[in-house]
Structures are given as structure tokens and as C-alpha cells.
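Every heavy atom of this structure was used, including side-chain atoms; hydrogens, water molecules and symmetry mates were not.
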Amino acid sequence: MTVRQASGSDRYPRIYAVVRRIPKGRVATYGQVAQIAGLPGCARQVGYALHALRGDSDVPWQRVVNASGQVSRRSEAGMDQIQRQLLEAEGIVFDARDRLDLGSKRWRPRSRPTQAEQGRFG
DNA sequence: AGCGAGGCTGCTG
DNA sequence: CCAGCAGCCTCGC
């Protein structure tokens with residue numbers, strides 16, 4: 001079965017739902033968001049979904065970084081610096097290599113993903 | 001309808 | 001710890 005928990009094209013909304021849960025001052029990786037959203041292995045889609053966001057959305061996209069703890073470089077120049085600034089404003093500290101401490105800043109959801117986030121009988 | 005690209009990841013040297 | 005490679009899914013041309 002190649003069926004995934006995702007159904008149809010409601011992947012983006014679920015990705016956004018997960019990202020919205022990331023508390024201020026914490027970060028999550030693309031892969032982490034993908035897994036919680038019920039799309040394991042689809043980290044790239046998370047990046048794509050966030051890229052599709054409009055500036056007026058209420059999704060804290062800046063709290064999603066890559067597995068190295070770095071702000072990923074995007075097609076739009078300058079946006080990566082903006083992301084870093086937003087994170088620093090939330091108390092995230094970057095080292096000389098532009099990396100943050102995932103070990104302590106990583107978001108650890110206590111409760112399991114909601115059904116809506118996993119897309120099961122939403 | 002085929003193909004390349006995009007805010008990635010985990011594994012292997 | 002860093003570089004290279006294949007896998008993931010959707011969008012646009």
C-alpha cells in the first residue's frame with residue numbers, strides 16, 4: 001500500500017497546523033514537522049509548503065530549521081537573514097557557525113499529534 | 001504526460 | 001565533523 005495517512009491535497013493545512021503548535025522560543029526541524037503531520041520522510045514537502053505561505057499568515061515559519069540546526073538558504077535572497085533575526089528576537093542564540101542548539105531549543109511536543117494533524121478522520 | 005527543482009534527511013566513507 | 005548520494009512528494013513548464 002502506497003497509501004499514506006495524508007489524503008488528497010490537504011497536506012499543506014496539516015503541515016501548517018503542526019507548525020502553529022511550535023511555541024515561541026523553540027524550533028523544530030522539517031523532518032520533525034513532517035513526521036508529526038503524518039508525512040514521515042516528506043521533509044522536503046514541509047519546506048515547499050512553508051515556501052508557499054503568504055506573509056500575512058499566522059504560521060510561525062521561522063521556527064522551522066533544517067536538521068543541522070541552521071537556517072536553510074532559500075531562493076529569495078535575504079529571507080534567511082530575516083528568519084534568523086526573528087528567531088534571535090525569540091531568544092534563540094546562534095553560534096559562530098550560524099547554528100543553534102537543537103539539543104535544548106528543539107520543540108518536544110508532550111502530547112501526541114491530534115487527529116486533525118494526522119489527518120485521520122479529521 | 002515527462003522532467004527538473006525546491007527553505008530536507010539519514011546513511012556511509 | 002564534513003562531503004556525497006539516493007529517497008521523498010508536489011508544483012510548473
Chemist: Measure from CE on A:Met79 to P on B:dG6 and round the result to the nearest Å.
Modeler: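 Taking atom P of B:dG6 as the reference, CE of A:Met79 is at 16 Å.
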Chemist: Flag yes if more than 12 heavy atoms outside A:Arg73 fall under 6.0 Å of its CZ atom; otherwise flag no.
Modeler: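 No.
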Chemist: Report the distance from atom CD of A:Gln70 to atom CD of A:Gln83, rounding to the nearest 0.5 Å.
Modeler: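 These two atoms lie 11.5 Å from each other.
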Chemist: Are A:Val19 and A:Met79 connected in a single hydrophobic cluster, I mean Ile/Leu/Val/Met/Phe/Trp/Tyr linked by side-chain heavy atoms less than 4.5 Å apart?
Modeler: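 A:Met79 and A:Val19: one cluster.
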Chemist: Taking only heavy atoms on the protein side, list every residue of residues 83-98 of chain A lying under 4.0 Å from any atom of DNA chain C, sorted numerically.
Modeler: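 Result for residues 83-98 of chain A: A:Arg97, sorted by number.
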Chemist: Look at the side-chain heavy atoms of Ile, Leu, Val, Met, Phe, Trp and Tyr, link any pair under 4.5 Å apart, and say whether A:Leu53 and A:Ile82 land in one connected group.
Modeler: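 Same hydrophobic cluster.
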Chemist: Determine the contact category for A:Val64: base if any of its heavy atoms lies under 4.0 Å from a base atom, sugar-phosphate if only primed atoms, P, OP1 or OP2 are that close, otherwise nothing.
Modeler: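 Counting heavy atoms under 4.0 Å across all strands, the contact made by A:Val64 includes a base.
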Chemist: So which protein nitrogen or oxygen atoms get under 3.5 Å of nucleotides 9-11 of chain B's nitrogens or oxygens?
Modeler:
{"unit_1": "B:dT9", "atom_1": "OP1", "unit_2": "A:Tyr30", "atom_2": "N", "d": "3.3"}
{"unit_1": "B:dT9", "atom_1": "OP1", "unit_2": "A:Ala67", "atom_2": "N", "d": "2.9"}
{"unit_1": "B:dT9", "atom_1": "OP2", "unit_2": "A:Ala67", "atom_2": "N", "d": "2.7"}

Chemist: Work out which heavy atom in A:Ile15 is nearest to a heavy atom in A:Gln45; give both atom names and the distance.
Modeler: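 A:Ile15 and A:Gln45 have their closest heavy atoms at CD1-O, 4.0 Å.
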Chemist: With heavy-atom distances below 4.5 Å as the criterion, would you say the side chains of A:Leu87 and A:Phe94 are in contact?
Modeler: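 They are in side-chain contact.
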Chemist: From CD of A:Gln45 over to C1' of B:dA5, roughly how many Å is that when rounded to an integer?
Modeler: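 About 11 Å, once rounded to whole Å.
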Chemist: In which ranges does DNA chain B form stems of 3 or more consecutive Watson-Crick or G-U pairs, distances under 3.5 Å?
Modeler: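 Runs of three or more consecutive pairs: B:2-6 with C:9-13, B:8-13 with C:2-7.
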Chemist: What's the CD1-P distance between A:Ile15 and C:dC9, to the nearest Å?
Modeler: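 Spelled out: CD1 on A:Ile15 to P on C:dC9 is 12 Å.
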Chemist: Can any side-chain N or O of A:Arg14 pair as donor or acceptor with the backbone N or O of A:Ala37 at less than 3.5 Å?
Modeler: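 Checking the backbone N and O of A:Ala37 against the side chain of A:Arg14, a donor-acceptor pair under 3.5 Å is found.
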Chemist: The side chain of A:Arg99 lies closest to which of these nucleotides: C:dC11, C:dC2, B:dG7?
Modeler: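 The answer is C:dC2.
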Chemist: Whole angstroms only, please: what is the OH-C1' distance between A:Tyr12 and B:dG6?
Modeler: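 Roughly 10 Å, once rounded to whole Å.
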Chemist: Between A:Tyr16 (side chain only) and A:Ala49 (backbone N and O only), is there a donor and an acceptor less than 3.5 Å apart?
Modeler: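 Checking the backbone N and O of A:Ala49 against the side chain of A:Tyr16, a donor-acceptor pair under 3.5 Å is found.
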Chemist: Quick one: A:Leu53 CG to C:dT10 P, roughly how many Å, whole number?
Modeler: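 In whole Å, C:dT10 P lies 17 Å from A:Leu53 CG.
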Chemist: Per the atom types in the model, does the base of B:dG7 pair as donor or acceptor with the side chain of A:Glu76 at under 3.5 Å?
Modeler: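 No such pair is found, so the answer is no.
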Chemist: OP1 or OP2 of B:dA5 less than 4.0 angstrom from a side-chain nitrogen or oxygen of A:Ser75, does that happen here?
Modeler: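 No, A:Ser75 has no side-chain N/O under 4.0 Å of OP1/OP2 on B:dA5.
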Chemist: Between A:Leu50 (CG) and B:dG6 (P), how many Å, whole number?
Modeler: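 After rounding, the gap between these two atoms is 16 Å.
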Chemist: With sequence neighbours excluded, give me every side chain to side chain donor-acceptor pair (under 3.5 Å) pair touching residues 60-69 of chain A.
Modeler: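 Sorted pair list: A:Gln62-A:Glu90, A:Arg63-A:Glu90, A:Asn66-A:Ser72.
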Chemist: Compile the donor-acceptor pairs under 3.5 Å between side chains in residues 22-34 of chain A and protein atoms, sequence neighbours left out, one pair per line.
Modeler:
{"unit_1": "A:Arg26", "atom_1": "NH1", "unit_2": "A:Arg106", "atom_2": "O", "d": "3.3"}
{"unit_1": "A:Thr29", "atom_1": "OG1", "unit_2": "A:Gln32", "atom_2": "N", "d": "3.1"}
{"unit_1": "A:Gln32", "atom_1": "OE1", "unit_2": "A:Thr29", "atom_2": "N", "d": "3.4"}
{"unit_1": "A:Gln32", "atom_1": "OE1", "unit_2": "A:Arg106", "atom_2": "NE", "d": "3.1"}
{"unit_1": "A:Gln32", "atom_1": "NE2", "unit_2": "A:Trp107", "atom_2": "O", "d": "2.7"}

Chemist: Sticking with atom P, work out how far B:dG7 lies from C:dA6, rounded to a whole angstrom.
Modeler: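 It comes out at 22 Å once rounded to the nearest Å.
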Chemist: Quick one: A:Tyr16 OH to B:dG7 C1', roughly how many Å, whole number?
Modeler: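 Answer to the nearest Å: 12 Å.
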Chemist: For A:His51 and B:dG6, is the shortest distance between a side-chain N/O and OP1 or OP2 below 4.0 Å?
Modeler: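 No, A:His51 has no side-chain N/O under 4.0 Å of OP1/OP2 on B:dG6.
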Chemist: Would you kindly compare A:Tyr48 and A:Gly41 by the position of their nearest DNA chain C nucleotide and give the one closer to the 5′ end?
Modeler: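 Looking at the nearest nucleotide for each, A:Gly41 comes out on the 5' side.
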Chemist: Starting from A:Val93 and following side-chain heavy-atom contacts under 4.5 Å between hydrophobic residues (I, L, V, M, F, W, Y), which residues can be reached?
Modeler: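 Direct or chained contacts put A:Val93 with none.
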Chemist: Using whole Å, what does the distance between atom C1' of nucleotide B:dG7 and atom CZ of A:Arg63 come to?
Modeler: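 About 17 Å, once rounded to whole Å.
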Chemist: Under a single-linkage definition using a 4.5 Å side-chain heavy-atom cutoff for Ile, Leu, Val, Met, Phe, Trp and Tyr, are A:Leu102 and A:Leu50 assigned to the same hydrophobic cluster?
Modeler: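 In one cluster: no.
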